[in-house]
Enquirer: 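Dropping a structure here in structure tokens format, bear with me for questions.
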Number of protein chains: 2
Amino acid sequence: MMSETIHIAIVEDDNEIRQTLTLIIDGSRGFSCKYAFPDGESALASVANLPVDVVLMDIDLPGKSGIEVTRQLKQECPEVDFIMLTVKSDDDSIFESLCVGASGYLLKDTSPADLLTHIKEVYEGGAPMSSQIARRIISSFRIINNPLSERETEILKMLSRGMNYKDVAEELFLSPHTVKTHIKNIYSKLHVKNRAEAIYKAIKQKLI
Amino acid sequence: MMSETIHIAIVEDDNEIRQTLTLIIDGSRGFSCKYAFPDGESALASVANLPVDVVLMDIDLPGKSGIEVTRQLKQECPEVDFIMLTVKSDDDSIFESLCVGASGYLLKDTSPADLLTHIKEVYEGGAPMSSQIARRIISSFRIINNPLSERETEILKMLSRGMNYKDVAEELFLSPHTVKTHIKNIYSKLHVKNRAEAIYKAIKQKLI
DNA sequence: GGGTCAATCGCCCATACGGGGTATTTATGG
DNA sequence: CCATAAATACCCCGTATGGGCGATTGACCC
């Protein structure tokens with residue numbers, strides 16, 4: 001059985017890391033790495049037109065973040081798999097990476113051997129990530145403390161049905177001022193700035 | 001270095017499977033399994049008061065489902081880790097399990113040796129799951145489909161991130177007028193009257 | 001009994017929003 | 001070749017929205 005070559009592109013601003021990774025990958029049987037970009041903009045300009053299977057994407061890029069770049073590239077070429085490479089493993093980065101379509105999330109201290117294994121896993125439909133990172137991901141699913149009160153949840157659901165201050169106030173026998181205050185508190189608790197974002201976040205977190 | 005014993009409880013309605021698992025686990029060095037329940041109700045009545053580190057929870061239980069039982073138990077004793085054991089690996093089960101607080105999701109054909117390894121992983125803060133299951137999880141973060149035009153979908157997604165006319169217009173190099181027109185068309189197509197309702201409907205219909 | 005929090009009500013103010021229009025260009029398809 | 005759809009751009013206008021404030025009343029908790 002002949003083994004297929006996996007074509008890889010790298011987006012990484014640190015010259016040394018980028019070159020090292022390129023050499024390691026390109027020098028390994030079954031792997032080819034002919035494309036490396038120092039920033040998101042150049043990757044955006046090229047990747048869609050290249051025969052690439054897997055992209056290794058640094059998160060901390062100058063200019064557009066690796067997450068933003070991944071979001072845009074994934075729209076252009078959804079068949080390409082993205083593995084995020086990063087030093088930081090904070091929940092927001094992980095969560096956002098997966099939301100924009102990344103298939104894996106690895107820390108930069110991953111050994112070269114493991115890296116190749118993980119690239120292969122992604123290529124074959126898996127989702128490589130350390131056990132620790134998997135744990136963080138699954139905790140993001142869980143609403144430990146639903147930050148919203150019952151009243152707030154009730155009102156947010158009404159907003160999602162298209163109701164405005166007045167509608168809600170009338171249905172709940174409240175002053176529109178009160179409704180407005182509740183909504184402002186909802187925004188504050190969800191860290192959003194308007195209805196659209198609030199509804200989106202609330203649904204994604206299964207609050208409504 | 002002396003190895004600590006991990007205390008395990010099992011919730012599983014099939015007598016044979018339950019007894020087999022109990023014997024395997026309790027007979028292994030470093031593992032203790034003194035508690036086994038044939039249904040969710042009996043587990044709910046006892047687990048919170050037992051010195052248990054990890055619970056193996058069958059999903060298909062008579063009466064309350066293992067997912068529901070996990071949800072309730074996790075509220076009473078959040079420090080206990082739950083591993084779902086199941087024959088089915090459908091997206092909904094996986095997703096729901098993680099939402100209610102399970103730390104791992106394993107298929108029943110997992111070998112005894114692997115099972116012990118995975119219990120240890122959970123106990124040490126990991127989240128064991130097969131690469132395939134991990135992939136299903138992350139794809140649940142991302143879904144695509146479209147009765148709206150591409151441009152409209154694109155704009156709706158941006159709205160769901162809290163952006164306004166001006167923000168969208170700038171990112172897409174469009175006039176705010178154009179963005180507004182697109183949004184009006186979105187409302188018309190979705191038969192909604194504002195953003196909140198549009199976002200809600202679009203998510204429910206998996207348009208964004 | 002002081003602290004915290006949810007729920008309620010209020011004001012001011014700038015602007016984002018939604019509804020009503022019209023219009024051009026490009027691409028697609030019958 | 002003409003109809004249709006999508007994408008683009010602009011106008012007017014009234015109001016809903018969101019931010020920044022403050023305030024009172026009850027629960028509940030330690």
Enquirer: Calculate the interatomic distance between A:L159 atom CG and D:dT17 atom P; express it in whole Å.
Expert: 8 Å
Enquirer: Check whether any side-chain N or O of B:R195 sits under 4.0 Å from OP1 or OP2 of D:dA16, and answer yes or no.
Expert: no
Enquirer: How close or far is atom P of D:dC10 from atom CG of B:N185, stated in whole angstroms?
Expert: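 For the pair B:N185 CG and D:dC10 P, the rounded distance is 16 Å.
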Enquirer: Between B:R151 and A:A196, name the one whose nearest nucleotide on DNA chain D is closer to the 5' end.
Expert: B:R151
Enquirer: Using the rule side chain to side chain contact (heavy atoms under 4.5 Å, CB included), only one of A:V52, A:I25, A:D53, A:D81 pairs with A:I8; which is it?
Expert: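 Testing each of A:V52, A:I25, A:D53, A:D81 against A:I8, the sole residue satisfying side chain to side chain contact (heavy atoms under 4.5 Å, CB included) is A:I25.
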Enquirer: Please lay out, stage by stage, how A:L56 and A:E12 fare under the test side chain to side chain contact (heavy atoms under 4.5 Å, CB included).
Expert: CA-CA 8 Å; A:L56 300 185; A:E12 162 68 62; over 6 Å; no
Enquirer: Please work out if B:T178 contacts a base, only the sugar-phosphate, or nothing of the nucleic acid, heavy-atom cut-off 4.0 Å.
Expert: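 Since a base atom lies under 4.0 Å of B:T178, the category is base.
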Enquirer: Any donor-acceptor pair under 3.5 Å linking the side chain of B:K201 with the backbone of B:L190?
Expert: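 Between the backbone of B:L190 and the side chain of B:K201 there is a qualifying donor-acceptor contact (under 3.5 Å).
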Enquirer: Just how far, in rounded Å, is C1' of D:dA6 from CG of B:L172?
Expert: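 From B:L172 CG to D:dA6 C1': 15 Å.
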Enquirer: For B:K120, does the NZ atom have more than 12 heavy-atom neighbours from other residues, nucleotides or ligands under 6.0 Å away?
Expert: no
Enquirer: Before you tell me yes or no, could you show the steps for A:E154 and A:K157 under salt bridge (charged side-chain N to carboxylate O under 4.0 Å, His left out), namely the whole-Å CA-CA distance, both residues' side-chain angles and the distance that decides it to 0.1 Å?
Expert: CA-CA 5 Å; A:E154 184 179 20; A:K157 282 180 186 170; over 6 Å; no
Enquirer: Can you check whether B:H182 has a side-chain N or O nearer than 4.0 Å to OP1 or OP2 of D:dA6?
Expert: no
Enquirer: Please state how far atom CD in B:E150 lies from atom C1' in D:dA6, giving the value in whole angstrom units.
Expert: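 So the two atoms are 11 Å apart, to the nearest Å.
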Enquirer: CD of B:E197 versus P of D:dA16: gap in Å, rounded?
Expert: 16 Å
Enquirer: Using whole Å, what does the distance between atom P of nucleotide D:dA9 and atom CD1 of B:I155 come to?
Expert: 11 Å
Enquirer: Would you give the length of the straight line joining atom CG of A:D167 to atom CG of A:N164, rounded to the nearest 0.5 angstrom?
Expert: 4.0 Å
Enquirer: Could you state the CD-P distance from B:E152 to D:dA5, rounded to the nearest angstrom?
Expert: 12 Å
Enquirer: Please state how far atom CD1 in B:I183 lies from atom P in D:dA9, giving the value in whole angstrom units.
Expert: 14 Å
Enquirer: At less than 4.0 Å, is any side-chain N or O atom of A:Y165 found next to OP1 or OP2 of D:dT15? Yes or no.
Expert: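 For A:Y165, the contact criterion (side-chain N or O under 4.0 Å from OP1 or OP2 of D:dT15) is not met.
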Enquirer: What nucleotide among D:dC10, D:dA7, D:dG18 has an atom nearest to a side-chain atom of B:H177?
Expert: D:dC10
Enquirer: Measure all distances between protein nitrogen or oxygen atoms and nitrogen or oxygen atoms of nucleotides 19-22 of chain D, and list the pairs falling under 3.5 Å.
Expert:
from, atom 1, to, atom 2, distance (Å)
D:dG19, OP1, A:K193, O, 3.3
D:dG19, O6, A:K180, NZ, 2.7
D:dG20, O6, A:K184, NZ, 2.7
D:dC21, N4, A:K184, NZ, 3.4

Enquirer: Mark yes or no for whether A:N15, through its side chain, and A:R18, through its backbone, hold a donor-acceptor pair below 3.5 Å.
Expert: no
